[in-house]
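These numbers come from a predicted model, not from an experiment.
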Amino acid sequence: MAQHVDRYIKAETNGGWPFAAFIIAVAVVINLAVFWLHSTTYYPPTDLRFRAKGAGTHAEAGGHDAADSHGSEASPASEGGDPSRGQAQTGADPSRPAGAGH
């Protein structure tokens with residue numbers, strides 16, 4: 001009979017861990033960079049610093065900084081309103097709820 005020759009070759013299955021650790025480290029660095037970039041440059045649409053492209057300045061749009069944005073409108077006090085509340089009287093019937101039919 002023939003002599004037995006041991007042909008078992010041990011597999012090296014743990015050889016990829018350094019490469020896997022490198023890929024994970026790169027992913028962590030990229031995620032941190034994206035988070036930093038997002039947190040320093042993102043403004044939500046409701047942020048007062050947000051401006052739409054081509055919208056102009058706040059004063060041009062008739063904001064609070066405009067010199068005379070409301071023309072020659074009378075103040076609420078001169079119209080007979082309550083100056084402490086900043087409202088003008090509208091002549092509405094107080095017994096009817098607001099928005100009731102005409």
Side-chain angles (χ1 to χ4, degrees):
M1 214 165 172
Q3 187 95 2
H4 174 69
V5 178
D6 190 16
R7 294 185 180 153
Y8 176 74
I9 300 172
K10 184 177 180 185
E12 293 184 25
T13 58
N14 291 329
W17 284 109
F19 184 72
F22 173 74
I23 295 298
I24 291 171
V26 167
V28 168
V29 168
I30 288 173
N31 278 309
L32 288 174
V34 167
F35 175 75
W36 172 80
L37 182 67
H38 172 74
S39 63
T40 57
T41 60
Y42 176 74
Y43 295 120
T46 57
D47 192 337
L48 297 177
R49 297 171 289 183
F50 178 77
R51 298 285 181 259
K53 183 176 181 181
T57 63
H58 189 63
E60 291 173 359
H64 296 290
D65 296 335
D68 190 9
S69 63
H70 298 295
S72 61
E73 293 180 11
S75 67
S78 66
E79 293 178 356
D82 184 5
S84 65
R85 295 180 64 194
Q87 297 175 347
Q89 294 178 353
T90 60
D93 184 8
S95 63
R96 296 185 65 187
H102 290 47

Gap between atom OG1 of T41 and atom CH2 of W36 - 0.5 Å precision: 8.0 Å

Flag yes if V26 and V29 sit in one hydrophobic cluster, no otherwise; membership is Ile, Leu, Val, Met, Phe, Trp, Tyr, and two members link when side-chain heavy atoms are under 4.5 Å apart. no

Residues that L32 engages under side chain to side chain contact (heavy atoms under 4.5 Å, CB included), provided they are two or more places apart: V28

With sequence neighbours excluded, tell me which residues meet side chain to side chain contact (heavy atoms under 4.5 Å, CB included) with V34. I30

Just verifying a value: how many Å separate Y42 OH and D47 CG, rounded to the nearest 0.5 Å? 9.5 Å

